[in-house]
Number of protein chains: 2
Amino acid sequence: MASQATGSGHRAAPVHTDPAEVSVLTALSALADPVRIQLVRELAGSAEWTRSCGSFDVSVGKAALSHHFSVLRGAGLVEQRDQGPRRVNRLRREEFDARFPGLLDLVLRPDGSP
Amino acid sequence: MASQATGSGHRAAPVHTDPAEVSVLTALSALADPVRIQLVRELAGSAEWTRSCGSFDVSVGKAALSHHFSVLRGAGLVEQRDQGPRRVNRLRREEFDARFPGLLDLVLRPDGSP
DNA sequence: CCCGGTGTTCGATGAATATCTTACAGTCCC
DNA sequence: GGGACTGTAAGATATTCATCGAACACCGGG
């Protein structure tokens, strides 16, 4: 078979949640965590599909990191795609902003920003 | 002594936090709770200084309720004033909105509102 | 085919926190 | 002053959740 450009494995695909189906409580809970805020911020500062899960400068082990990405997926904040052995990420900016206008902007704004 | 219109007792005044000094994480954590969301919503639907703490239709005891109001005060979301034996509340809409534009609107919006 | 690299899952642990019960401190009204 | 009412404080309990360690699955390359 013709090998695809970026091999799409037949692995357990990550479960995604449509931002349109996310409740306010779920969205706020997902963002009410320092590690996840950092992930979102770092992700926002990078081009889409360029950051693998392990490429983030966080202070937790990879098990916890995997959990955090699961929460972010469940809140419709992050989309993931398998690219060879690694899983690359994308911040669902427009979609999430359509569901919760302004929320992402607040998180991405530098914290001391009156 | 001349009794004041609404007697302001010499009781331990509630500790308030200026919304300008509240971090994003604190604000999101305060709002990431179903009981507190309900309190904020109910408060937004009432005139200022008209709702005492005990007048909310929540499913927790008054001790937990007092704790939730403490969290809301600490996030700059609610202002309290003693009015006789009861403590009346006000949602700090403008001040909080100046610090976190749009956040309160998201919480007050009916949950399925895309 | 073996191996290093990448993530996920599972179970357990620990910390944060939401809750209750009880006790206490004010305030108002009789 | 006594008593009903309102809210807070303190201590105990329970639940949620973030974290870790180890085991497993998958991919790509020698």
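Predicted model only: the values in this text are computed from it and were never measured. Throughout, a chain's letter reflects where its sequence line sits, starting with A, and its residues are numbered from 1.
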Problem set entry | Interatomic distance where CG belongs to Leu72(A) and P belongs to dA18(D) [whole Å] | 11 Å
Exercise. Has Ser52(B) got a side-chain N or O lying under 4.0 Å from the OP1 or OP2 atom of dG7(D)?
Worked result: yes
Exercise. Does a side-chain N or O from His67(A) land closer than 4.0 Å to OP1 or OP2 of dG7(C), or not?
Worked result: no
Exercise. Which one, dT9(C), dT8(C), dT8(D), comes nearest to the side chain of Ala63(A)?
Worked result: dT9(C)
Seminar exercise, completed: Gln80(A) CD to dG7(C) C1', in whole Å, measures 9 Å
For this session: Nearest whole angstrom, please: distance from the C1' of dG26(C) to the CD of Gln83(B).
Result: 15 Å
Problem set entry | Atom-pair distance (CG on Asp82(A); P on dG28(D)), nearest Å | 10 Å
Problem set entry | Cys53(A) side chain, from C-beta outward: closest of dG7(C), dC20(C), dT19(D) | dG7(C)
Problem set entry | Arg41(A) vs Asp57(A), salt bridge (charged side-chain N to carboxylate O under 4.0 Å, His left out): CA-CA, chis, key distance, verdict | CA-CA 11 Å; Arg41(A) 282 178 174 163; Asp57(A) 184 25; over 6 Å; no
Seminar exercise, completed: Closest of dT19(C), dT8(D), dT8(C) to the Ala64(B) side chain is dT19(C)
Exercise. When you measure from the side chain of His68(B), which nucleotide among dG7(C), dA18(D), dT19(C) comes out closest?
Worked result: dT19(C)
For this session: Assess whether side chain to side chain donor-acceptor pair (under 3.5 Å) is satisfied between Thr26(A) and Ser29(A), documenting all intermediate values.
Result: CA-CA 5 Å; Thr26(A) 300; Ser29(A) 300; over 6 Å; no
Seminar exercise, completed: For Gly76(B) and Arg92(B), the nearest pair of non-hydrogen atoms, with its separation, is O-CD, 3.4 Å
Seminar exercise, completed: Looking only at dA18(D), dT19(C), dT6(D), the nucleotide nearest the Arg86(B) side chain is dT6(D)
Exercise. Roughly, in whole Å, what's the span from CG in Leu65(B) to P in dT17(C)?
Worked result: 19 Å
Exercise. Of all heavy-atom pairs between Ala30(A) and Leu77(A), which one has the smallest distance, and what is that distance?
Worked result: CB-CD1, 4.3 Å
For this session: Consider the side chain of Arg87(A), meaning its heavy atoms from C-beta on, and name the nucleotide among dG7(D), dT19(C), dG7(C) that approaches it most closely.
Result: dG7(C)
Exercise. Mapping Asp33(A) and Pro85(A) onto DNA chain D by nearest heavy atom, which one lands closer to the 5' end?
Worked result: Asp33(A)
For this session: For dT8(D), take OP1 and OP2 only and decide whether either is under 4.0 Å from a side-chain N or O of Ser70(B).
Result: no
For this session: Please tell me if the side chains of Glu48(B) and Leu91(B) come closer than 4.5 Å, counting only heavy atoms from C-beta onward.
Result: no
For this session: Return the nearest nucleotide to the side chain of Lys62(B); candidates are dG7(D), dT8(C), dT19(D).
Result: dG7(D)
Exercise. What integer distance in Å separates Gln38(B):CD from dA18(C):C1'?
Worked result: 15 Å
Exercise. Between atom CG in Asn89(B) and atom C1' in dT6(D), what is the gap in whole Å?
Worked result: 12 Å
Seminar exercise, completed: Here the distance between atom P of dG7(C) and atom CZ of Arg73(A), to the nearest Å, is 12 Å
